[in-house]
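Note sheet for the following structure.
This is a predicted model, so every value here is computed, not measured.
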Amino acid sequence: MAPLPLETVTVEQIRELDIPRDEAEKFYQKVQQILSDHGSCRVKTWDNISKHLLSPELPFALHHMMYYGCYSEWDATQLGPPPAWITNLDDAMRTNVSRVLERRGNEFLGLKYKDPISSFSAFQEFSVTNPEAYWRMMLDELNISFSVPPSCILSSDELDKNELSCPGGRWLHGAMLNSAKNCLLPKGRSMEDTSIIWRDEGYDELPLNYVTYRDLNAKVCLVANALEMLDLERGSAVAIDMPMNVTAVVAYLAIILAGYVVVSIADSFAAREISMRLNISKAKAIFTQDVIIRGDKSLPLYSRVVEAYAPLAIVLPARGSSPSVELREGDLSWDEFLARVKHDGTNDYTPVEKPVESFTNILFSSGTTGEPKAIPWTHMTPIKAAADGWVHMDILKGDIVAWPTNLGWMMGPWLVYASLLNGASMALYNGSPLGYGFAKFVQPSSTPAIGELALDPVMFGASTTLLNANHYDVYFKDMPNWNGKVLRRHGDEFERTAGGYYRAHGRTDDTMNLGGIKVSSIEIERICNGADESVLETAAIGVPPDGGGPEQLVIALVFKNPNHSNVDIVQLKKAFNSLLQQKLNPLFRVSYIMPTTSLPRTASNKIMRRILRQQFINDIRNSKL
């Protein structure tokens, strides 16, 4: 269906997207004002709508209507796809490229330099026509550490000592370095800063996990020392075939730190594809995992590696402390592998410095048209990966970079280098990137954030005593300190949304007792809200059965589409139960689902669960009558 031109969109069409009438009318009037101000310029129209009207709280269908309505007459064949995100001048001036041009624009471009924005095209041309100056600048910006610096940036010699053809010349002639060592340096940050942020699928309600640069350094050095104990010939190939989690990254960096070469194999490959890549690379060992966990499924991995006749395998457990499968004779569990190292408390390791053209990584094409191409990366490739991140993605120190991928594809190693060599943190989600869990993982840091609201204790007119309870115990006991003062408990749970707004979720003490287990309604609702894309919001209530006994869990449910006749309530109930039992408690069970058009709320937007509870009880009684 062709998009509706923005000028033809009506209030009623906005209302059909589940927007209340008064909000729809206000939204419509604001759109008309923007059209009046910028109607002839579609880019400015969309820029104003996206920045001043749309927010994550509004239905995606409204975002879709506005975007495609704005660009309904855009000629994509001539102009390319219409822009969805448009930076502002302040943001543009904070980019890596702008900052380097402010410092060195005159030096690089001479009289051509005007300002970072208008001179961007000239700078791009300069990077092509003056590669020596450009890449010297880039090495400085990335602060690359060489044990032996290059004698020149680019040599025009066509042949190197090994008589390999280099029609583009040779880069960084004579340089010695170790790419993994460079990744372990905090790049202007401290060793206590975060190098990796991660979370396992299925644990999406738990806090994030963090690995500092100090922790990463210690882990990598320990694994590098353990690799030495395998007595492999220096420069040997060592494969990795496992999900891209923290341990995979540690193994990747350790292999390179110790002077070996990584063989990257995607964890989705069948045994035949694994075998082909191991044979081509002549790998002497392989890091792998017993199984791959995706949601509630456990997929075999080690068995595929065994079927591929892999060399010595070091097997990590997907969960727990030991592999869930029996290992071949000669293979090592992760703990057995590490136990070969005598721990002295330091885990130091001296990096093996290599010529810049030495291999670090053997990657493979997909092999869809025959045998996969084995593509070696050298110690120069990490610099290119980091430079691309610096220029094209504007990765800054302290940024967080996420890219759902695997070390078997080039974007896996790219992510390692583009983040760590730029002093950024790498974000790893160990699971499927297709569901709610990953979406929650990659939301902007600290938004949304959910927690109990606290108040500054220095508050004029606040109560200091209670008549029927201990004032301190109620308001201050077990609360954290802030600026040297203990915070005052408020009692409501609040969410700070991605748009910077706040949403009340009700009382933190709004709990129920399910089979003797006390649980917060909010905990249950968070899980049920993400159970199916048809669900808009839920409210969990505990209702005692007529004959007495433990409370039964009832989920009041509002659908995104008021016409939800095509939704299978029985299957939805099964989905609720599966997630609740997986994420909260295996004994929890939804007894009833109560569809409703909206949830009753107070003036401050808190859900009134007691009204829902009474409504359910009345409905049950009426059905019996």
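- With salt bridges taken as basic N to acidic carboxylate O contacts below 4.0 Å, none links Glu23 and Arg15.
- No salt bridge links Arg526 with Glu537; every basic N to acidic carboxylate O contact stays at or beyond 4.0 Å.
- Residues Arg609 and Glu525 are paired through a salt bridge, judged by an N-O separation under 4.0 Å between the basic side chain and the carboxylate.
- The six-membered or imidazole ring of Phe337 lies near that of Phe287, with a centre-to-centre distance under 6.0 Å.
- The cationic group of Arg199 does not satisfy the cation-pi geometry with Phe441, failing either the under 6.0 Å distance to the six-membered ring centre or the 45° limit from the ring axis.
- Ring geometry, Tyr429 versus Phe438: the interplanar angle exceeds 60°, so the pair is classed perpendicular (tilted spans 30 to 60°).
- For the residue pair Thr538 and Asn529, a side-chain donor N or O sits within less than 3.5 Å of a side-chain acceptor on the partner.
- Checked against the 6.0 Å centroid criterion, the rings of His64 and Tyr68 qualify as a close aromatic pair.
- In this view, Asp47 and Lys51 satisfy the salt bridge (charged side-chain N to carboxylate O under 4.0 Å, His left out) rule, not counting sequence neighbours.
- Residues satisfying the salt bridge (charged side-chain N to carboxylate O under 4.0 Å, His left out) criterion with Asp91, sequence neighbours excluded, are Arg94.
- Between the side chains of Asp215 and Thr212, at least one donor-acceptor pair of N or O atoms lies under 3.5 Å.
- A donor atom on one side chain and an acceptor atom on the other are found under 3.5 Å apart for Ser324 and Asp290.
- Geometrically, Arg277 engages Phe269 in a cation-pi contact defined by less than 6.0 Å to the ring centre and at most 45° from the axis.
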